[in-house]
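Take a look at the structure below.
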Amino acid sequence: MVSSDFSDRPSKTLVLFDVDDTLTPARRDGSPEMIELLRELRKKVVIGFVGGSDFVKINEQLSVGGARALDEFDFAFAENGLTAYRLGKPLESQTFISHIGEERYKKLVSFILHYVADLDIPIKRGTFIEFRKGLVNVSPIGRNATIQERNDYEAYDKIHGVRAAFVNALKEKFPDYGLTFSIGGQISFDVFPQGWDKTYALSRVEHEGFEEIHFFGDKTYKGGNDYEIFTDPRTIGHSVTSPADTMRILKELFFSQ
Ligand code: M1P
């Protein structure tokens, strides 16, 4: 039985995890071993995930073997915390569109669509812009790409810097919009107001009185979508290379004595 003030945990520690390539392979389901380890960890500390994706996708990835992601984590933060749950109950949130306003958003979207139309890349699929609650996700190849197409695009983008150039064009065109651009996944980048990176999730737990907050993520380098929360003075950051690496560090940190 989970206590509503977490007094059932022996330590006032929160452990937060990025999702893709930290808890699960990118855009794939988590393993039963990972979920089992997290269940053991949850007996000791409070746990949560902070993903850039929308809640539906993260929920699919972390609902392993019939379990519900919302039942397995104390805090669930999708879209960097703009969609948030505490012990399975939704928390109030702001939205990207009310922040930016319809007129400015229209200009942004029109520019993006023109830019994609003019791009010469090996293949294009569909859904080049995904409108989410707390951010807009932009993909040159399109979000309907298959797993193989994703992998191929990622390799192509590493060589040709398509996304980096796209982001530079947007920064140049909309310098006064107060936006942050983050290349967090394989085929796309996220666009959101400054400060609505993963540190946004930290603001949602400020009043909980945690003595330590750990964060595990793989894109912890400058420009990666874990960078801000990883380097935030409120967290103890752990940079991982894969879900297996996350499990290794968790075992060392929390289960070695
Ligand atoms: O969680 C990291 C990123 O995952 C997806 O990126 P991509 O589809 O490019 O692999 C997206 O959901 C993106 O918003 C998110 O930041």
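Read the numbers this way: they start at 1 and go in the same order the structure lists the ligands and their atoms. Since the model is a prediction, treat every value here as computed from it, not as a measurement. The first residue of the sequence shown is numbered 1, and numbering continues consecutively from there.
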Are the aromatic ring centres of F131 and Y105 under 6.0 angstrom apart?
-> yes

Between [X] and [Y], do the side chains contain an N or O donor and an N or O acceptor separated by less than 3.5 Å?
| X | Y | answer |
| --- | --- | --- |
| D190 | S182 | no |
| D20 | Q186 | no |
| S188 | N137 | yes |
| E172 | N168 | no |

T22 and side-chain contact (heavy atoms from CB on, under 4.5 Å): which partner among V50, T220, L16, V240?
-> V240

Any ion pair linking [Y] and [X] (charged N to carboxylate O, less than 4.0 Å)?
| X | Y | answer |
| --- | --- | --- |
| E40 | K43 | yes |
| R248 | E252 | yes |
| D226 | K198 | yes |

Atoms in ligand 1 with a heavy atom of [X] nearer than 4.0 Å:
| X | result |
| --- | --- |
| N225 | 2 (C), 16 (O) |
| R143 | 8 (O), 11 (C), 12 (O) |
| D190 | 13 (C), 14 (O), 15 (C), 16 (O) |
| R150 | 7 (P), 8 (O), 10 (O) |
| S188 | 6 (O), 7 (P), 8 (O), 9 (O) |
| R132 | 11 (C), 12 (O), 14 (O) |
| I187 | 7 (P), 8 (O), 9 (O), 10 (O) |

Any K57 heavy atom less than 4.0 Å to ligand 1 | no

Taking the non-hydrogen atoms of E154, is any one of them nearer than 4.0 angstrom to ligand 1?
-> no

What about R27: any of its N or O atoms under 3.5 Å from an N or O on ligand 1?
-> no

Heteroatom proximity flag, R163 to ligand 1, N/O under 3.5 Å = no

When distances are taken from atom 12 (O) of ligand 1, the protein heavy atom at minimum range is S53 OG, 2.7 Å

Closest approach of any protein heavy atom to atom 4 (O) of ligand 1, naming residue and atom | D20 OD2, 3.4 Å

